[in-house]
Amino acid sequence: MLIVMKADATERDIAEVERRIAELGYRPHTMPGASRTAIGVTGNDRPVDITRFETLPGVAEAIRVTKPYKLVSLDLRPDKSVVRVGDAEIGGDELAIIAGPCAVESREQVFAVAEAVRRSGARFFRGGAFKPRTSPYAFQGLGEEGLKLLAEVREAFGLKVVTEAVDEASADLVDRYADVFQVGARNMQNFSLLKRAGRSPHPVLLKRGLSATVDEWLLAAEYVMAEGNYNVILCERGVRTFTQHTRNTLDLAAVPAVQRISHLPVVIDPSHGTGKNHMVTPLARAGVAVGADGLIIEVHNQPELALSDGAQSLTLEQYGQLVQEVRAIHEAIAHAPVG
Ligand code: PEP
Ligand code: MN
């Protein structure tokens with residue numbers, strides 16, 4: 001159920017609705033919006049009697065939600081969500097750029113890349129300390145030592161740190177050292193990790209699963225939000241198809257598909273989406289043109305020596321060029337006549 005408050009509903013009216021929801025053993029999720037506040041109800045395993053709420057002061061209407069997702073939906077929040085990360089944001093007017101190496105390898109490496117990322121004007125630095133690798137023999141990441149290097153990057157360059165957690169133990173560490181909690185494609189339906197992410201104090205970057213439908217992806221976001229963490233950023237990173245010319249097929253149509261249903265910001269990962277250096281910039285341009293709120297890009301100071309994903313990593317120079325190009329596209333779209 002979804003309760004839409006009147007534009008002039010008071011704090012007291014809202015608190016009373018929340019109290020009544022809690023009294024029934026359910027959980028209220030209050031989403032203030034530009035013109036009205038809506039309150040989503042979760043935890044009910046059967047339909048709630050809407051007449052209990054319709055007559056309360058300040059309530060405009062109580063709506064039965066028939067879709068599988070509630071909190072991610074535009075029904076709950078018709079205005080786009082802007083996810084704030086300290087003094088930076090994703091989903092606002094500015095194109096968000098998250099860039100950095102696939103994996104944190106050394107201080108020298110992260111500092112060299114972070115310097116270029118900072119110089120480009122990007123606000124976010126990426127880098128995995130816990131790497132979910134296909135082979136158990138491949139580089140698995142530096143663990144906590146890697147997170148400490150990321151924290152040093154934040155200190156030195158003022159960049160917000162985006163990094164992946166793969167389980168409960170790494171989640172505790174990511175909470176301690178990072179600014180954005182990344183859930184990787186392989187864990188998109190790791191429901192206990194999603195619930196854990198929902199209890200993180202940080203926004204969650206939720207990558208689309210390797211073969212997840214948009215509905216499954218949104219339901220994964222719903223898991224995070226149902227725990228009370230409403231700061232979710234969706235990330236399209238390509239899905240498995242029959243094609244062999246790319247590592248994955250970057251599903252650009254997912255951006256308008258999500259935007260029709262959800263208020264959550266969406267970013268594009270053309271690095272994992274293509275797997276190939278020469279395709280990253282063209283698909284980054286396309287991602288911005290299609291309306292994404294941001295990009296996540298793999299960059300390495302020496303891609304040929306990278307311990308993971310060197311083939312799709314941009315050089316520092318290529319990255320600098322990409323940022324200029326995508327900013328120009330973003331600017332053009334922002335000023336395009338609507339119609
Ligand atoms: C990553 O971004 O570091 C990563 C492992 O990507 P994905 O989960 O999309 O494969
Ligand atoms: Mn990678």
Side-chain angles (χ1 to χ4, degrees), residues 96-135 137-143 145-164 166 174 177-180 182 184-186 205 207 235 237-238 246-248 250 267-285 287 294-327:
I97 296 177
I98 307 165
C102 178
V104 176
E105 298 171 8
S106 66
R107 178 179 283 105
E108 187 198 355
Q109 175 228 24
V110 285
F111 272 63
V113 178
E115 200 277 321
V117 172
R118 180 67 214 148
R119 191 153 26 90
S120 74
R123 304 296 315 276
F124 299 90
F125 189 76
R126 62 147 294 144
F130 298 94
K131 296 304 301 176
R133 303 302 299 278
T134 301
S135 162
Y137 309 120
F139 176 59
Q140 304 285 309
L142 297 181
E145 192 193 328
L147 293 177
K148 287 182 178 164
L149 292 173
L150 290 170
E152 282 188 38
V153 162
R154 176 184 35 235
E155 256 326 282
F157 299 94
L159 295 164
K160 310 292 179 206
V161 166
V162 181
T163 196
E164 179 167 354
V166 292
V174 166
Y177 291 101
D179 301 298
V180 176
Q182 179 174 327
R186 287 156 194 81
L205 179 88
K207 297 196 110 184
C235 175
R237 48 77 73 203
T246 52
R247 179 178 178 185
N248 292 295
L250 188 64
V267 302
I268 290 279
D269 176 350
S271 306
H272 294 90
T274 64
K276 298 197 174 163
N277 175 291
H278 76 278
M279 293 182 176
V280 173
T281 298
L283 271 295
R285 292 188 201 117
L295 297 169
I296 177 165
I297 309 283
E298 287 188 343
V299 188
H300 201 286
N301 54 329
Q302 291 174 293
E304 65 288 357
L305 299 180
L307 297 181
S308 65
D309 287 349
Q312 68 196 34
S313 298
L314 296 187
T315 63
L316 304 183
E317 250 186 350
Q318 289 174 324
Y319 165 70
Q321 178 66 27
L322 172 147
V323 172
Q324 288 185 25
E325 294 180 16
V326 296
R327 285 242 169 85

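Only heavy atoms go into these numbers, but all of them, side chains included; no hydrogens, no water, no symmetry mates.
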Could you tell me whether the side chain of [Y] reaches within less than 4.5 Å of the side chain of [X], counting heavy atoms only?
X	Y	answer
Arg237	Asn248	yes
Met279	Thr246	yes
Arg247	Asp309	yes
Ile296	Cys235	yes
Val113	Phe125	yes
Ile297	Pro270	yes

Handout entry: Any residue meeting salt bridge (Lys or Arg N to Asp or Glu O under 4.0 Å) with Arg118, in chain and number order, not counting sequence neighbours
Key = none
Minimum heavy-atom distance [X]-[Y], with the two atoms named:
X	Y	answer
Leu316	Ala112	CD1-O, 4.0 Å
Leu159	Ala114	CD1-O, 3.8 Å
Val161	Asp179	N-OD2, 2.6 Å
Gly310	Ala306	CA-CB, 3.7 Å
Phe124	Val117	O-CG1, 3.7 Å
Lys131	Ser308	CE-OG, 4.4 Å

Exercise for the section: Say whether, by atom type as modelled, one donor and one acceptor occur between the side chain of Gln109 and the main chain of Ala103 under 3.5 angstrom. Expected result: yes
Exercise for the section: Give a yes or no answer on whether the side chain of Arg154 reaches the backbone of Tyr177 with a donor-acceptor pair at less than 3.5 Å. Expected result: yes
Completion exercise
Partner of Pro303 under side-chain contact (heavy atoms from CB on, under 4.5 Å), picked from Cys102, Ser313, Pro101, is Ser313
Can you tell me how far [atom2] of [Y] sits from [atom1] of [X], rounded to the nearest 0.5 angstrom?
X	Y	atom1	atom2	answer
His272	Gln312	NE2	CD	4.5 Å
Asn301	Glu105	CG	CD	8.0 Å
Ile98	Asp269	CD1	CG	9.0 Å
Ile97	Leu322	CD1	CG	7.0 Å
Ile268	Arg285	CD1	CZ	15.0 Å
Leu314	His300	CG	NE2	12.0 Å

Atom [atom1] of [X] with >12 non-hydrogen neighbours under 6.0 angstrom:
X	atom1	value
Glu108	CD	no
Glu155	CD	no
Arg133	CZ	yes

Handout entry: Residues forming a ring pair (Phe, Tyr, Trp, His ring centres under 6.0 Å) with Phe111, sequence neighbours excluded
Key = Phe157
Exercise for the section: Could you check Arg126 against Glu298 for salt bridge (charged side-chain N to carboxylate O under 4.0 Å, His left out), going step by step and ending with a plain yes or no? Expected result: CA-CA 8 Å; Arg126 62 147 294 144; Glu298 287 188 343; 3.5 Å; yes
Handout entry: Criterion salt bridge (charged side-chain N to carboxylate O under 4.0 Å, His left out) on Lys148 and Glu152, from CA distance to verdict
Key = CA-CA 6 Å; Lys148 287 182 178 164; Glu152 282 188 38; over 6 Å; no
